Each structure stands twice: as structure tokens, then as C-alpha cells.
Amino acid sequence: MNARSFFLTASVLLLASCRQDMHDPPRYRPLAASEFFGDGRASRPRIADTVARGGLRLDKRLYKGREGGALIDTIPMPVTRKMLERGRQRFDIYCSICHGQLGDGDGMVVQRGFRQPPSYHLDRLRRQPVGHYFDVITNGFGAMAGYASRVPVEDRWAIVAYVRALQLSQNATIDDVPAGDRSKLEGR
Amino acid sequence: MAQIFHPSTNTIARVSIFGGLFFAGGLLLVLNEINRSPYVTGVNVARQQPVPFSHKHHVSGIGIDCRYCHTSVETSSFAGIPATETCMSCHTQIWADSPMLEPVRASFRTGESLRWTRVHDLPGFVYFNHGIHVKKGVGCATCHGRVDQMPLMYQQNTLNMEWCLECHREPEKYVRPREEVFRMDYQPKEDQRQLGARLVKEYKIRKLTDCSVCHR
């Protein structure tokens, strides 16, 4: 091989290596654009009136917060400390920006001009069954959008349980604190 | 017969031999620099987006958690780009008439997707999973930088393989407690070496440096 053909081969190889085929292989990544589908989306929406494998939701209490059409007043999952902590974490992520960390309805987005939601500590809302809260998170209410696509069912119930804990905390008296723990409050 | 080459040709010949070597070396250096420059890696280059979305405003101004929009970051390989519905949770009422937000409202009205430009674009031959990194205590800011201080989104790190390996070889230098993963202004409360070593043991973090871990 003489020098010229060597140089030519080398340049052709180098130029060929500039292709991006391996960087951008012919497959879709989540939420990528597609030229194939009419709506331009690679991620396909679920076909109407179909149920994904494993996605059958017959338990109306768990998935709708209702029984025979009426809102239920017991949480259809075991309420544990772990669940409440999960509920607090999820509440702080998804709800507190409007409802405030205490649930009194003065979150940051409200301070920036969003319509103020009612405080959870109003009698009217404290009397609502837990199913109501689940329903509102799922489907939205008034100015509030539904969170069904963002918060999974189990997390919604955890949030409901935590809302109940918040309501309890804001309406508690010193007599509700176990005698052994009262000194902790006084110290602050 | 007269000499064909003048004696100075000797010098020229020597210089061109050395010069050629330096030229070849220099060319490699230049190519290397180009390959690592923002021109190729995209580091520090804010991308054009349909809406000039500010993470700075939403994260440090309002205090919205990363997961409010990037809902699948804990459970999926893909952190998730928020649906238009998520934007409209607030923007039905806040800045509801802003011309800047017209593409968002149009998407909400018509159901057509907003076409955001991907900022962190890993090559197709690299497998990456957000969920496991979050679970093992890698903070958002460790890879994405202080997103809460970026008015327009850009890439802080090269995403080059050597960059990934910095942490895969010595995770103890970077990991943080799981509860702090989403904190933007996180600072370790103790010496990172001790904390990191403890967390690596506690979270059972392995030093995954086999090729097939990412190139699968």
C-alpha cells in the first residue's frame, strides 16, 4: 500500500466514524418525538376502554374511595407510622405548595396569586369522610387539578392519612399529649 | 555537476521531521480539546426551548420539590418530563395571560405535546437509571448541578464516561443520605470521607465498573 492510498483510506475511515448511528440508534426513548405516529408521540396513550395487564381496579374502596356510591370513612389500607411518614413526604411535595405545610391554605403558590384553598381545619372539612379527600386528590376540586397521574393510589391514601394527622395536630390540647411527653413541649 | 540541494536543505529536512511530529501531536491535542469543549459536550450551553422555563424561579423562588414535576425519578429509569397538565395546575390562574406561556396553553387546549429540547442527552449505547441512583443516595445536584440557580436549563457536567467513572470508582466521595437527595443546597454535616464510607456500607453500594453495567 503506497502512502497515498494509505492516506485516502485513513481519511475515509475517520470521516465515516463521524456518523452518530450508535449515539442515536433507531429506537424510541420515553416521551420522544416520532414521525411514525400521527400525533407525533413515541409513547402511546392507552387505548380507550382497555385495561393494562395487572391494572384491573375492581376494589372501589381502594381506587375510588367509595362504597356503593357513597364516600367511605375508613382508610382501606393499614395505617402505620411508615405510611404516615410517607404521607407527610408526599404531602410536602405535591400539596404543600398551595395548602401550606400545616394545611391551612397559605402555600407559596397561593401567596403568588392562586385562589386560596380552604383550611383543612375548618369544621366543615374536618367532618368530611376520608373518601372525600381521596376523591379530591384523584379528580381535583374547584381550581385544583386532579393528581391521579402524578400520585399513585397508595400514596394518595397515605396523604389522606397525613391530612387527618394534621387536622388532629391543629386541634389538639395539652391534655392530648401523653403525660410523659409534656415536659418536652415545655422545654421549647 | 552542481549540487541539486543547497546545504540548508539539511536543516529544512530536520525541522520538517520534528515539525511533522509536533503537528501530528498538536492536531491530536486540538481534536481532544474540541471533543471536550462545550461545542461537543454542550456543557454550560442553555438550550432553546418552546417556553423559557426557569428552574431557578420554580425551585428556589417558589420552593417546588423536584418530584412535583419529575414524578417518576424515584421509580423509573426516566425522571419524567411533566405533562402540560402539571404546568396548568398553577398556570390556569398564575400568569394565565402571559404571552410567554401561550405554547403551554395551546398544548392544553389542543392536546398536542410541547416539544422540549432534551438537555441531558446520553448516547443510545449507555444504560442509565435514575431510580437506582436516587435510592443509593446520589443527589440531583451531584450530576445536574445547582438547578435551582439556573434561569435557563443547561448541562453542568460532560456526561463523558470518565465523568461517570469518577463516581462509580469512588462513590464514597459523592453519596449523601437518602433524605437529602432532593435538597439543592445540601452540605455534608460531617467529613464526607467518613460519611461516604458509612453510607456505601449501609446502602450496599457496589463499585460498578464492569463495561456491561452501562453498555448492556
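Only a predicted model underlies this, so the values are computations on that prediction, with no experimental measurement involved.
Within the 4.5 angstrom heavy-atom criterion, atoms from both the backbone and the side chain of A/A143 approach chain B. With a 4.5 angstrom heavy-atom cutoff, B/T92 touches chain A only via side-chain atoms. If you measure heavy-atom distances from A/R115 to chain B, the contacts under 4.5 Å come from both the backbone and the side chain. Neither the backbone nor the side chain of B/S72 comes within less than 4.5 Å of any heavy atom in chain A. In this structure, the portions of B/E85 lying under 4.5 Å from any heavy atom of chain A include both its backbone and its side chain. Interface remark: B/R115 contributes side-chain atoms only to the contact with chain A (heavy atom separation under 4.5 Å). There is no contact between A/Q111 and chain B, counting heavy-atom distances below 4.5 Å.
Residues A/I93 and B/Y68 share a closest heavy-atom pair of O-CD1, 3.4 Å. Residues B/G61 and A/R112 come closest through the heavy atom pair O-NH2, 3.5 Å. In this structure, B/I62 and A/M108 approach most closely via the heavy-atom pair O-CG, 3.2 Å. The two residues A/V109 and B/C90 have their closest heavy-atom pair at CG1-SG, 3.8 Å. Across all non-hydrogen atoms, the minimal contact from A/P30 to B/F78 is CB-CD2, 3.4 Å. Here the closest non-hydrogen pair linking A/M22 and B/F125 is O-CD2, 3.1 Å.
More than 12 heavy atoms of other residues, nucleotides or ligands shown are found within 6.0 angstrom of OH on A/Y28. For A/Q170, the CD atom counts as densely surrounded, since its 6.0 Å shell holds more than 12 non-hydrogen atoms of other residues, nucleotides or ligands. Crowding of B/D97 atom CG: a count of heavy atoms from other residues, nucleotides or ligands under 6.0 Å not exceeding 12. The number of heavy-atom neighbours closer than 6.0 Å to NZ of B/K56, taken from other residues, nucleotides and ligands shown, is 12 or below. Other residues, nucleotides and ligands place more than 12 heavy atoms under 6.0 Å from the CZ atom of B/F128. The local environment of CD in B/E190 is crowded, with over 12 non-hydrogen atoms from other residues, nucleotides or ligands closer than 6.0 Å. For CZ of A/R44, the number of neighbouring non-hydrogen atoms (other residues, nucleotides, ligands) closer than 6.0 Å is greater than 12. Counting heavy-atom neighbours within 6.0 Å of B/W163 CH2, excluding the residue itself, gives a total above 12.
Side-chain contact between B/T71 and A/Y94 is present, with at least one heavy-atom pair separated by less than 4.5 Å.
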Step-by-step side-chain contact (heavy atoms from CB on, under 4.5 Å) determination, B/S89 to A/R150
CA-CA 11 Å; B/S89 302; A/R150 286 171 264 180; 2.8 Å; yes
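Distance check, rounded to the nearest 0.5 Å: OG of A/S96 to CD1 of B/I64 gives 9.5 Å.
In terms of non-hydrogen atom pairs under 4.5 Å with chain A, the most contact-rich of B/E179, B/M88, B/E74 is B/E74.
For the residue pair B/S113 and A/R41, a side-chain donor N or O sits within less than 3.5 Å of a side-chain acceptor on the partner.
Between B/D121 and A/R29 there is a salt bridge, with a side-chain nitrogen of the basic residue lying less than 4.0 Å from a carboxylate oxygen of the acidic one.
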